[in-house]
Amino acid sequence: MESAEHVARALLGKILSYRGASARIVETEAYLGLADAAAHAFRGITPRTKVLFGPPGHAYVYLIYGIYNCLNIVSEPEGSAGCVLIRALEPLTGLRAMRRRRGVERLEDLASGPGKLTLAMGINLRHNGVDLTRGPITVSEPEREEEFETAVTPRIGIRHNPDWPLRFTIAGSRFVSK
DNA sequence: TCAATGATGGGCT
DNA sequence: GCCCATCATTGAC
């Protein structure tokens, strides 16, 4: 089964890595493409959304509010536009670079939000469309799989379908967004 | 502690 | 011209 929800759940606990920085995914949201008015792909293929309609495993990076970038992973086969927004990370390595790029010290503040984490990891619009199965940005299994429970809540900051339970977090993590 | 708000630019009607 | 899948700061309490 390959739904955005399934992939969003499966990404929790995985390791996102790029150029020496790595972090554990602790919060995701599923967007359901043409079936979901909150999704960028809802209105169909445009220059911006065409990567969403492409093959899974690619990055969809977009600019939000003129300032921040958000990282998504295309989650469904070509022609189907589901994706998963990465919303928060638990920093693991490359902390010095993350602190420099973010301008804050506290570990909990480095990547505890979708705009914060792209800045911390050095991910921006240039990475739109890159294949995450080939690098240099990668998603991999953790060295030690830790047990955790998945909490399910409505998505954050959207106006359409605001109560759909498509936000997934590692329960109790201090690195989720606030 | 918490709600309100300004920053800032691309995408789309 | 309006809308954002945000964040840090401000100011009231």
Side-chain angles (χ1 to χ4, degrees), chain A residues 3-12 14 16 23 25-54 56-76 80-91 97-130 132 137 139 150-170 173-178:
Chain A
S3 69
E5 297 154 82
H6 181 76
V7 174
R9 284 178 176 276
L11 281 170
L12 290 179
K14 297 290 191 294
L16 180 69
I25 298 172
V26 299
E27 176 176 347
T28 60
E29 279 178 2
Y31 286 85
L32 307 186
L34 292 170
D36 181 2
H40 288 179
F42 180 67
R43 294 169 197 287
I45 299 184
T46 68
R48 179 173 64 153
T49 62
K50 79 169 174 344
V51 28
L52 288 170
F53 289 85
H58 286 237
Y60 168 59
V61 183
Y62 67 91
L63 179 69
I64 185 70
Y65 298 114
I67 305 178
Y68 300 101
N69 297 122
C70 290
L71 169 67
N72 298 253
I73 299 177
V74 179
S75 62
E76 295 181 29
S80 181
C83 71
V84 175
L85 170 67
I86 308 301
R87 279 197 59 90
L89 304 173
E90 174 180 344
M98 288 196 206
R99 288 193 165 104
R100 174 173 48 77
R101 287 188 285 249
R102 284 279 294 126
V104 298
E105 288 299 313
R106 286 177 72 233
L107 212 51
E108 299 91 328
D109 295 334
L110 286 180
S112 54
K116 299 181 199 177
L117 74 89
T118 51
L119 190 52
M121 295 293 290
I123 293 170
N124 56 54
L125 287 181
R126 296 199 322 273
H127 304 292
N128 187 41
V130 302
L132 299 176
I137 304 174
V139 176
T150 300
V152 185
T153 63
R155 296 175 292 184
I156 303 288
I158 52 170
R159 55 195 271 131
H160 302 285
N161 307 324
D163 47 0
W164 288 11
L166 294 177
R167 173 174 176 257
F168 305 94
T169 58
I170 288 183
S173 169
R174 54 195 244 265
F175 296 96
V176 302
S177 66
K178 297 178 277 299

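Each chain gets a letter, A, B and so on, in the order the sequences are listed, and its residues count up from 1. Keep in mind that this is a model prediction, so the values were computed, not measured.
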Establish, with yes or no, whether the OP1 or OP2 oxygen of [N] is under 4.0 angstrom from a side-chain nitrogen or oxygen of [X].
| X | N | result |
| --- | --- | --- |
| A/R87 | C/dT6 | yes |
| A/H40 | C/dA5 | yes |
| A/R48 | B/dG10 | no |
| A/T46 | B/dG11 | no |
| A/R167 | C/dA5 | no |

Interatomic distance where [atom1] belongs to [X] and [atom2] belongs to [N] [whole Å]:
| X | N | atom1 | atom2 | value |
| --- | --- | --- | --- | --- |
| A/E27 | C/dC7 | CD | C1' | 14 Å |
| A/I67 | C/dT9 | CD1 | P | 12 Å |
| A/Y68 | B/dG10 | OH | P | 17 Å |
| A/R101 | C/dC7 | CZ | C1' | 18 Å |
| A/H160 | C/dC4 | NE2 | C1' | 10 Å |
| A/L89 | C/dT6 | CG | P | 15 Å |
| A/Y62 | B/dC12 | OH | P | 13 Å |
| A/F42 | C/dC4 | CZ | P | 13 Å |

- Task: Step by step, work out the side-chain contact (heavy atoms from CB on, under 4.5 Å) result for A/V61 and A/N124.
- Result: CA-CA 7 Å; A/V61 183; A/N124 56 54; 5.7 Å; no
Of the listed nucleotides [options], the one nearest the side chain of [X]:
| X | options | result |
| --- | --- | --- |
| A/R102 | B/dT8, C/dT6, C/dA8 | C/dA8 |
| A/I158 | C/dA8, C/dT6, C/dA5 | C/dA5 |
| A/I156 | C/dA5, C/dT6, B/dT13 | C/dT6 |
| A/Y31 | B/dC12, C/dA5, C/dC4 | C/dA5 |

- Message: Students often get this wrong, so: under 4.0 angstrom with heavy atoms, is A/G66 touching a base, only sugar-phosphate, or nothing?
- Response: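 Touches a base.
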- Task: Please measure how far the C1' atom in B/dG10 lies from the corresponding atom in C/dA8, and state the result in whole Å.
- Result: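 To the nearest whole Å, 22 Å.
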Distance, nearest 0.5 Å, that separates [atom1] of [X] from [atom2] of [Y]:
| X | Y | atom1 | atom2 | result |
| --- | --- | --- | --- | --- |
| A/E29 | A/C70 | CD | SG | 9.5 Å |
| A/K50 | A/N128 | NZ | CG | 7.5 Å |
| A/K116 | A/E108 | NZ | CD | 10.0 Å |

- Find which nucleotide of DNA chain C each of A/V104 and A/L63 is nearest to by heavy atoms, and output the residue with the more 5' nucleotide.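 Residue closer to the 5' terminus by nearest nucleotide: A/L63.
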Has [X] got a side-chain atom pairing as donor or acceptor with [Y]'s backbone, closer than 3.5 angstrom?
| X | Y | value |
| --- | --- | --- |
| A/N72 | A/Y60 | yes |
| A/T28 | A/L12 | no |
| A/T118 | A/N69 | yes |
| A/R9 | A/F168 | no |

- Message: Using a 3.5 Å limit for the pairing distances, which stems of at least 3 consecutive Watson-Crick or G-U wobble pairs does DNA chain B take part in?
- Response: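 The stems are B:1-7 with C:6-12, B:9-12 with C:1-4.
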- Message: Check this for me: does the side-chain of A/Y65 come within 3.5 Å of the base of B/dA7 through a donor and an acceptor?
- Response: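 Side chain to base: no pair present.
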